[in-house]
Amino acid sequence: MTTTHPATRAEDAPSIVPQGPARLALIAVTIGVLAQILRMAAPYFDHLAGSAGNAVAALVVLAVFLAGFAAPAIRAAAGPNGLLVAGAGGLLLVRLLAQALTPQMWLALLGTAIGMIAVVALYEAARGLSGVGFATATVAGLGVDTAVRMAFGTWDPVWRTGVAEWAVCLLFVGVGAAALARELSSGPVSAPGISWRDGMGAAALGPFLALQILVLSSPAFVASSGWQSLVVAHVAVVAGQGLALAFLASGLAVRAVPGGVCVLGGTVLGVAAGAVAGAYAVSGAVVVGVVVLGQVLAAWLLAVACRAPLRRAGDGGPVWRIDVGAALGGFLIAVVLLPYQLSAVGALPFPNNVLPGVAGILLGGLAAIAAARGGPLPARAPLRALAGGAAALVLLAGTLAFALTRPEANAPADDPRALRVMTFNIHHAIDGGGGLDLQAVADAIRAQRADVVLLQEVGRGAVLSGTTDIGVWLSRELGMHLIWGPAADGQFGNAILTSRTVLQSGGDRMPKGDWSQIRGYVWARLDVGGKPVYVWSTHLDGGADRSQARQREIAVLLSAWGGAPRTIFGGDLNSEPDSPEMDMFLDGRPLRASALGDYRATTPEGKKVDWILGTDDLVFSDYGVHPVPVSDHYPVAVTVRLDD
């Protein structure tokens with residue numbers, strides 16, 4: 001005689017199509033807002049490290065991401081509903097405050113801490129649903145969040161205070177608050193007895209979210225690494241989300257599978273994500289395929305992992321084991337994202353490609369824990385799968401809004417044979433207070449009426465800049481062509497913006513012998529008054545002890561240049577006047593500094609490290625350094641004319 005585990009009895013098993021639209025809406029909105037808060041916090045974590053030091057910042061940030069472990073105490077003091085209010089309700093309140101007060105350091109830290117509690121509270125809100133229901137709501141929430149970001153050019157509305165931005169905030173908070181009120185009025189669902197093995201399945205949400213933020217739900221990542229337009233990139237993300245929703249709706253995702261299959265799936269996901277993300281990543285159309293198929297694989301693994309923590313019945317220990325498992329998942333977000341963020345500005349003892357790989361493997365391993373806890377095998381539901389996938393087409397509204405709201409282009413140059421050239425290390429557009437201010441960067445460029453802008457430290461999907469596509473946003477805002485040159489990885493590098501006709505362009509990365517930040521350069525050949533003019537943007541190694549490294553990079557740069565006439569070099573050279581590095585550029589070569597002896601500081605610390613150099617067949621005038629508070633460097637601008 002055989003017996004049936006309580007989790008698989010027909011009367012106890014979660015339904016294949018989860019009931020309760022308010023419960024699904026609450027999960028979706030909470031996930032979407034959590035992603036917004038985590039992106040908002042990333043620039044402030046970097047600012048904290050710069051102002052308080054790496055050791056202090058590490059302790060503070062780790063404490064914030066460990067806040068989820070306070071959930072059992074909150075549950076004991078205030079009950080299940082109290083935990084739900086503290087997590088989901090608190091996160092909605094932080095989102096509203098961030099829109100009203102503009103983002104600030106304390107809000108970023110508080111919001112992240114509450115977000116970790118919300119990760120735990122989500123399992124309270126989802127109890128009684130199937131793992132498929134939880135995964136469906138999660139994917140839908142991320143899809144709506146990504147579509148909204150796309151409508152604003154990937155620069156999160158939380159950083160701005162316009163009517164449209166406020167409308168988005170109130171929509172998220174309003175729907176979330178209504179769903180929370182409905183959930184609280186319906187009363188909590190009785191918790192099952194949970195073993196530690198089952199409770200650990202709740203940790204899967206952490207690596208799942210880390211992969212989504214870093215790769216799978218980031219149009220800027222697909223655009224920069226896949227060499228696609230931002231519109232095509234978002235279509236690819238929506239396609240992946242639509243296929244994931246279709247697969248979840250089909251009923252296939254709830255079939256019991258061996259744990260080894262989940263481990264294999266997580267390994268495939270991790271290897272694929274690591275292959276396209278990081279310093280030593282592959283690029284091109286393969287990125288699109290990884291993102292589309294990765295969405296399906298990640299959603300399936302999340303659905304499998306969440307079966308046990310959400311079931312209605314079972315034998316085991318106290319429910320706070322789910323809280324601990326979910327809190328561990330929140331901490332795993334930091335384990336993946338923070339070192340990856342650090343790799344853009346410092347050295348790691350390993351290539352940063354390892355981190356998305358670890359996230360995928362962790363997701364597969366945690367899914368394997370719950371893999372054998374499947375419910376009854378459902379019939380296939382092709383029509384429901386079709387409806388689930390078709391529903392994702394609504395997310396393309398974000399792409400449509402992006403395409404229809406293109407700003408006006410800059411006015412044409414007054415003198416077609418002259419260029420106003422600017423070099424600007426924008427430091428991810430992070431201002432002195434740690435906020436992300438792309439508009440201030442655009443205003444600084446407009447103030448100089450620049451025809452060519454040589455940019456450094458440009459993020460295109462970088463965690464440090466909240467995964468914003470800064471290059472594309474500035475290009476659209478200023479009506480200028482974007483020429484992109486990845487350096488540290490596919491999301492962080494140099495760029496050229498220009499309103500002139502681009503005849504040819506290219507770039508490369510410098511050789512590197514360790515895992516520290518890779519440097520690079522990007523160049524373009526422009527039509528100026530019927531003659532070709534070459535412009536180069538680069539960012540050399542920093543630090544007083546890195547002179548030899550800079551000299552090696554200069555040698556590579558000069559070799560790539562080859563001595564072509566009518567050439568302009570600009571960038572953060574991390575080299576002071578009279579340094580050996582500047583001697584390599586200027587001594588014995590047909591190059592000279594546009595400053596013409598004006599060695600004013602180009603950083604708030606009083607250093608002269610940002611330069612515009614040009615060949616002898618060019619004439620410089622109107623040189624100036626223009627202090628602005630948006631970066632840790634000042635823009636340098638000069639007018640360049642052809643020497644007839």
Side-chain angles (χ1 to χ4, degrees), residues 35 39 139 142 146 150 154 207-241 243-244 264-301 333 335-337 339-344 348 350-364 458-469 471-472 484-493 507-509 512 515 517-518 520:
R39 293 192 301 263
V139 173
L142 288 168
T146 306
M150 185 64 192
T154 73
F208 174 85
L209 284 177
L211 277 175
Q212 293 289 336
I213 292 171
L214 188 64
V215 177
L216 299 180
S217 289
S218 175
F221 174 89
V222 180
S224 58
S225 289
W227 294 98
Q228 306 293 326
S229 72
L230 198 56
V231 168
V232 171
H234 185 237
V235 170
V237 171
V238 169
Q241 292 167 337
L243 286 174
L264 177 61
T267 301
V268 170
L269 177 62
V271 169
V276 300
Y280 299 94
V282 298
S283 60
V286 65
V287 175
V288 174
V290 168
V291 167
V292 172
L293 297 179
Q295 283 281 8
V296 178
L297 195 52
W300 168 64
L301 291 171
I333 298 175
V335 169
V336 175
L337 291 186
Y340 196 92
Q341 177 174 340
L342 177 64
S343 69
L348 294 177
F350 51 82
N352 57 358
N353 310 67
V354 169
L355 295 163
V358 167
I361 292 169
L362 281 172
L363 180 55
V458 181
R460 295 195 61 201
V463 177
L464 187 59
S465 50
T467 72
T468 306
D469 197 327
V472 168
W484 167 242
D489 60 16
Q491 286 66 59
F492 181 75
D508 206 348
R509 301 199 296 176
K512 200 69 175 178
W515 303 127
Q517 183 183 131
I518 300 174

Residues D489, Y280; criterion side chain to side chain contact (heavy atoms under 4.5 Å, CB included); working and verdict: CA-CA 7 Å; D489 60 16; Y280 299 94; over 6 Å; no
What's the spacing between [X] [atom1] and [Y] [atom2] if we round to 0.5 Å?
{"X": "I333", "Y": "F208", "atom1": "CD1", "atom2": "CZ", "value": "11.0 Å"}
{"X": "L293", "Y": "L269", "atom1": "CG", "atom2": "CG", "value": "10.5 Å"}
{"X": "L209", "Y": "L142", "atom1": "CG", "atom2": "CG", "value": "6.5 Å"}
{"X": "S218", "Y": "D469", "atom1": "OG", "atom2": "CG", "value": "8.0 Å"}
{"X": "L297", "Y": "L243", "atom1": "CG", "atom2": "CG", "value": "12.5 Å"}
{"X": "S224", "Y": "L230", "atom1": "OG", "atom2": "CG", "value": "9.5 Å"}

If we only count heavy atoms from C-beta on, is the [X] to [Y] side-chain gap below 4.5 Å?
{"X": "L337", "Y": "L214", "value": "yes"}
{"X": "P219", "Y": "T146", "value": "yes"}
{"X": "L216", "Y": "V237", "value": "no"}
{"X": "V287", "Y": "F221", "value": "yes"}
{"X": "L211", "Y": "P356", "value": "yes"}

Report yes or no: does [X] contribute a side-chain atom to a donor-acceptor pair with the main-chain N or O of [Y] at less than 3.5 Å?
{"X": "R509", "Y": "A487", "result": "yes"}
{"X": "N353", "Y": "A275", "result": "no"}
{"X": "Y340", "Y": "G278", "result": "yes"}

Write down the atom of [X], the atom of [Y], and the distance for their closest heavy-atom approach.
{"X": "Q341", "Y": "V463", "result": "OE1-CG1, 3.6 Å"}
{"X": "G459", "Y": "S465", "result": "CA-OG, 3.9 Å"}
{"X": "V336", "Y": "P339", "result": "O-CD, 3.8 Å"}
{"X": "Q491", "Y": "S225", "result": "NE2-OG, 2.6 Å"}
{"X": "V139", "Y": "A244", "result": "CG1-CB, 4.3 Å"}

query: Where do L355 and F350 land on the side chain to side chain contact (heavy atoms under 4.5 Å, CB included) test, with the steps shown first?
result: CA-CA 9 Å; L355 295 163; F350 51 82; 4.1 Å; yes
message: Could you work out, with ring-ring contact (aromatic ring centres under 6.0 Å, His included) as the rule, every residue matching F492, not counting sequence neighbours?
response: H428
message: Is a donor from one side chain sitting under 3.5 angstrom from an acceptor on the other, for Q295 and S217?
response: yes
query: Can you name the residues that form a side-chain contact (heavy atoms from CB on, under 4.5 Å) with T468, not counting sequence neighbours?
result: R149, T154, W155, L436, L438, I470
query: For Q228, which residues count as a side chain to side chain donor-acceptor pair (under 3.5 Å) partner, sequence neighbours excluded?
result: none
